[in-house]
Amino acid sequence: EEYRAAISRYRRIFGAGSAETHPRVLVTVGNHDVGNHVHASAEHLRLFEAGVGPADAFLCLRNHSFVAINTQVLGPRAPPALRDSTLRFLASPALRDQVAHCHPARAPILVQHMPLHRVTDEACGARGNRC
């Protein structure tokens, strides 16, 4: 019930449907959406994609390429099928073609949930103030 309420709220804010019907909405998967690395779930990913859009996606907006990836499944202990799906997306000729077609001289902008650098791997704490 809580999940349905969250999807309903998302659709009220960003519009009903998916990325195909609202192509300027680009989402990124978070650990509370599908689980983090070893806890990532194919079922949660399926629900996320059905509710808000693809976990790995491309958007060209005003000659800027945006590439959103599901970093929740890139950890070494993540389910291999989920990790491989994101890696195939990143390595795909279709993605390279989309980026080149959008603006060949500009590097794509990466949209993802995980920090690229953290001082420590310790837990962030209840309020996230220790990271």
For A55 and V29, the nearest pair of non-hydrogen atoms, with its separation, is CB-CG2, 3.4 Å
Is there a donor in the side chain of S92 and an acceptor in the side chain of R88, or the other way round, less than 3.5 Å apart? no
Just checking H103: does its NE2 atom have more than 12 heavy atoms from other residues, nucleotides or ligands closer to it than 6.0 angstrom? yes
Taking all heavy atoms of L82 and all of A42, pick out the closest pair and write down the distance. CD1-N, 3.8 Å
Taking side chain as C-beta onward, heavy atoms only, is I69 less than 4.5 Å from L74? yes
Heavy-atom side-chain contact between F66 and H64 under 4.5 Å: yes
Nearest-0.5 Å distance, OG1 of residue T86 to CG of residue L45: 7.5 Å
Identify the heavy atoms of C102 and S65 that sit nearest to each other, and give their distance. CB-OG, 3.3 Å
When rounded to the nearest 0.5 angstrom, what distance separates OG in S85 from CG in L90? 10.0 Å
Determine yes or no for a side-chain-to-main-chain donor-acceptor pair under 3.5 angstrom, with Y3 supplying the side chain and L47 the backbone. yes
Quick one: are N70 and F89 in side-chain contact, heavy atoms under 4.5 Å? no
From D56 CG over to Q112 CD, what is the distance, rounded to the nearest 0.5 angstrom? 12.0 Å
Say you draw a straight line from CG of L61 to CG of L26; how long is it, rounded to the nearest 0.5 Å? 9.5 Å
At what distance, to the nearest 0.5 angstrom, does CZ of F48 lie from CD of Q72? 10.0 Å
Please check this pair: side chain of D33 against backbone of G30, looking for a donor-acceptor N/O pair closer than 3.5 Å. yes
Would you kindly say whether H113 and N31 are connected by a side-chain donor-acceptor distance under 3.5 Å? yes
Taking the side chain as C-beta and beyond, is there a heavy-atom pair between V67 and V111 under 4.5 Å? no
Taking a hydrophobic cluster as the set of Ile, Leu, Val, Met, Phe, Trp and Tyr residues connected by side-chain heavy atoms closer than 4.5 Å, whether directly or through intermediates, do V73 and V38 fall within one such cluster? no
Side chain R106, main chain N63, donor-acceptor under 3.5 Å: yes
